[in-house]
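The structure appears right after this line, and notes come after that.
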2 protein chains.
Amino acid sequence: MDVAAYIEGNRERFFADLKEWLAIPSISGDPAHHADVRRSAEWLAGYLRGQGFPTVEVWETGGLPAVFAEWPAADPDAPAVVVYGHHDVQPVEPLAEWHTDPFSPVEKGERLYGRGASDDKGQVFFHTLGIAAGLAASGATAPPVTIKLLVEGEEESGSAHFPDLLRERRERLACDAVVISDTTMWSADVPSMCTGMRGLTEASVSLYGPDIDLHSGSFGGAVPNPLHAMASLLAALHDEDGRVTLPGFYDGVVPLTAEERELFARLPFDEAAWLKTAGNSGAAYGEKGYTTLERVWARPTAEVNGMWGGHTGPGGKTIVPREAHAKISFRLVAGQEPRAVQEAFKEFVAANTPAGIRSEVHIPAGGVRPCFSPIDSTAVQAARRAMEKAFGKEILFTREGGSGPEADLADILRAPLVFVAVGLDDDQIHAPNEKVEMPLLLKGAEAAAYLWEELATALR
Amino acid sequence: MDVAAYIEGNRERFFADLKEWLAIPSISGDPAHHADVRRSAEWLAGYLRGQGFPTVEVWETGGLPAVFAEWPAADPDAPAVVVYGHHDVQPVEPLAEWHTDPFSPVEKGERLYGRGASDDKGQVFFHTLGIAAGLAASGATAPPVTIKLLVEGEEESGSAHFPDLLRERRERLACDAVVISDTTMWSADVPSMCTGMRGLTEASVSLYGPDIDLHSGSFGGAVPNPLHAMASLLAALHDEDGRVTLPGFYDGVVPLTAEERELFARLPFDEAAWLKTAGNSGAAYGEKGYTTLERVWARPTAEVNGMWGGHTGPGGKTIVPREAHAKISFRLVAGQEPRAVQEAFKEFVAANTPAGIRSEVHIPAGGVRPCFSPIDSTAVQAARRAMEKAFGKEILFTREGGSGPEADLADILRAPLVFVAVGLDDDQIHAPNEKVEMPLLLKGAEAAAYLWEELATALR
């Protein structure tokens, strides 16, 4: 029996089981549902045991539990692969906008509706069917690579304890690659793989002038105005080509290769439609020399998220205000270090603070490192072959503009990331009426089934 | 009997009468005291009748009343002079910081404490003593110019009905010069005359980008950010020499003459001490090529009074915000028209709004025209001679950075302004413990006594 036939033969059972899991409201962001998150972990652990995983453990963290399941390859020298997903889900408000109960999953045509159907229970679940299909097709009793499934329980509430969990369990999680199944494809017709996510670091800056707001008649024009200084400082963040001016900001940035740019350009991107999704933005704008997709996926940014100072209420107030404030975030790409950007920002502020103004920079703890897997890397090419076999067509590449805990996986486990996922941008994740395309989940299972053979060969 | 002897002989009576008037809490900004403002007008009208003014009228306005008193010259061809002051006062909060009751005037040494002692009842009042002294010294029964005393009742609450009053009463107020007694001198040791006040026009600008705040991971770096656009727009308001960049902003600005600059430079200005009064500002800063006094008195400005947009609360929020706002005011000097500056600002905003951003400019009604009397003008030179005779030393010149209704007087009555006043910057006007230096009020009366002869000769 081949993989596709096995999957087709087991689809009813697969979706029935998935629906049972989706019915558990594992909302990690809501303390009232923390017991449900624990129940979700226990349910998954039980299910994975039933699927034949020799080792299944619920891992406690400082917060909500993750599930770990390991299925060793028969060959002790075979590569090991961590598969990452999460079993917690987003809140469901506003409930009135749901057409069905978010925790009573319902099939309509080829779609399955319910919170978590796409993000991320459905995508975790296709791996279980994929492994079973692979074993059925090969007749083996163990997969060709050691599979270490790690299913987090706090992704939707910020993964606060995840880095610690990875560090504590680093030996158990030792691997040659990490497969992430928590992203989207370009579209149902244009299957694709993500190859990177931008990182993030944030900062705030305050500029202080006089001790008090001054009367602009008596003092205006003769003392430095913190709002003028802030406007100049923020304006100086970008040059006229839209490039960020922090010293050394682009040092080490991994450039887009000609092949990536060519593959991005082949995606059927409709800029007018995209601008509509961008809050009806009136124009595309960004770093000169790059397309819109390149700008949001593969180029770093400095974005002013907020600024304020002086009189902001109704009417006029003719003052030289005492202070000005701004919040800024930087999206980072491969080759950039949050800490280096933070230092460069401090340097930039110091250099752009005029005489008579005092500046303070505050960098909140944290920051997210970018992650990236070159498209010509061994693991990505192996996954691409598995995806192409499942979908029967060429797989293109995307990236994502923001990121979650993926970079921690790459950094702490020191293994390349591979994104194998079948969600769509219109799956309504984080919104009412979340759904998943059932045929795509089955394609995901099929790709996962082929993936282990491909990785076993490629990573050996 | 000469002027000085008359004044010395009548000082006790003068201060006793002034204290009676100061005891009336004529706070125009507080509706609870509007009856007191009316009482103040009636008190003054009665007093002026007692002083011999042939015509005394209380002029009703749409708000609180002004007092008009006319004393015609014997010679029907003599010039006419309007004397402007106001009989309303500032509120007195915070009351706890007053060492004495603000409406129970108290002499301490050579100072008289009480609300309105300097701003402006005391300065209106010295004219009554001046006229009496002049008449006593000359033995005449009428002054050498027709004196038209106009004492407003709404100056401290914005002079809302004053321009209309001037227009309605223009014929009664016809004059050859307007004497303003509502300003300050450089110091008790350095008597001076103000020769101009900056005008004011205000504007607000809003920049709109996407309909909603966008996720900066998904969209950052590829759509225009209204905060970036606002920062660039505000930064572009000034060039690197601190000059305002609005098109035509300096067209027609009356330049400082070499004589004015030289006289300003002779004022004993202590920049370090001034910076302390400027809220401990860390440095002087402004238009290149001008001193601090020139900048605040005689050069126009663009001052950002407030700006805001995006996330301004605690913590970070990684958005491309939908909008940005700013409030801006312009101080204007002689030769500038508020309306022209408003149009130039609209033009500037249009030219500095990038593609994909929509801008809106709002110009509040009103605006204050600048006023200015050249130091070599006939009326100013006449007043300078009167002041020099009273003070026995050279009179220097100043200007003021902000202004009240003075420009309306010049514009509507079409007469030159002359500032004859003896307030000091440390009189605590608008603050607790307002006081006036009694010897300076008497010097004011003396200067006023000489002024009519000087003006009678100079303006004929």
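Proteins come first, then strands; the chains are lettered A, B, ... in the order of their sequence lines, and each starts at number 1. What's counted below: heavy atoms across the whole structure, side chains too, no hydrogens, waters or symmetry copies.
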Ranking G310(A), S281(A), P321(A) by heavy-atom pairs under 4.5 Å to chain B gives rank one to S281(A)
With chain B, the option among G402(A), G279(A), P354(A) that has the most non-hydrogen atom pairs under 4.5 Å is G279(A)
Atom pair SG/CZ of C194(B) and R399(B) - distance to nearest 0.5 Å: 8.5 Å
Side chain, backbone, both or neither: which part of E202(A) has a non-hydrogen atom closer than 4.5 Å to chain B? side chain
Please tell me whether F264(B) and F269(B) form a close aromatic pair, meaning their ring centres lie under 6.0 Å apart. no
May I ask you to decide if the ring planes of W186(B) and W297(B) are parallel, tilted or perpendicular, using 30° and 60° as cut-offs? perpendicular
Contact part of S329(B) toward chain A, heavy-atom cut-off under 4.5 Å: side chain, backbone, both or neither? side chain
Centres of the F249(B) and F348(B) rings: under 6.0 Å? no
Using heavy-atom distances under 4.5 Å, tell me whether T277(A) contacts chain B through its side chain, its backbone, both, or neither. both
Measure up the Y208(B) and H325(B) rings against each other and bin them: parallel (under 30°), tilted (30 to 60°), perpendicular (over 60°). perpendicular
Flag the pair R261(A) and E294(A) as a salt bridge only when some basic side-chain nitrogen lies within less than 4.0 angstrom of an acidic carboxylate oxygen. yes
Applying a strict 4.5 Å limit to non-hydrogen atoms, the region of H215(A) in contact with chain B is side chain
Can you tell me which residue among Q336(A), Q342(A), R331(A) is in a side-chain contact (heavy atoms from CB on, under 4.5 Å) with T201(A)? Q342(A)
Please rank G242(A), P226(A), G315(A), P300(A) by heavy-atom pairs under 4.5 Å with chain B and give me the top one. G315(A)
Is the backbone N or O of R243(B) less than 3.5 Å from a side-chain atom of D241(B), with the two atoms forming a donor-acceptor pair by type? no
With chain B as the partner, which of A278(A), G356(A), S218(A), G313(A) has the greatest number of non-hydrogen pairs under 4.5 Å? A278(A)
One option among G286(A), A203(A), P224(A) has the most heavy-atom pairs under 4.5 Å with chain B, and it is P224(A)
So, the part of R198(A) with a heavy atom under 4.5 Å from chain B: the answer is side chain
Taking side chain as everything from C-beta outward and backbone as N, CA, C, O, which of these in L200(A) sits under 4.5 Å from a heavy atom of chain B? Side chain, backbone, both or neither. side chain
Identify which of S216(A), A236(A), A324(A) forms the greatest number of heavy-atom pairs closer than 4.5 Å to chain B. S216(A)
Could you look at P364(A) and say if it's the side chain, the backbone, both or neither that has a heavy atom under 4.5 Å from chain B? neither
Within residues 228-235 of chain A, contacts to chain B at heavy-atom distances under 4.5 Å involve H228(A), M230(A), A231(A), S232(A), L234(A), A235(A)
Residue among A302(B), A222(B), G282(B), A326(B) with most heavy-atom pairs under 4.5 Å to chain A: A222(B)
Give a yes or no on whether the backbone of R322(A) and the side-chain of D213(A) come within a donor-acceptor separation of less than 3.5 Å. yes
Answer with side chain, backbone, both or neither: which region of L227(B) has an atom nearer than 4.5 Å to a non-hydrogen atom of chain A? both
Per-residue contact mode, K317(A) against chain B (heavy atom under 4.5 angstrom): backbone
Kindly determine whether R295(B) and E287(B) satisfy salt bridge (Lys or Arg N to Asp or Glu O under 4.0 Å), including the steps that lead there. CA-CA 7 Å; R295(B) 285 167 177 165; E287(B) 188 185 353; over 6 Å; no
Examine whether an atom of H362(A) lies under 4.5 Å from a heavy atom of chain B, and if so say whether it belongs to the side chain, the backbone or both; otherwise answer neither. neither
Chain A contact via I328(B) - side chain, backbone, both or neither, heavy atoms under 4.5 Å: neither
Max heavy-atom pair count under 4.5 Å with chain A, selected residue of D211(B), L293(B), T301(B): D211(B)
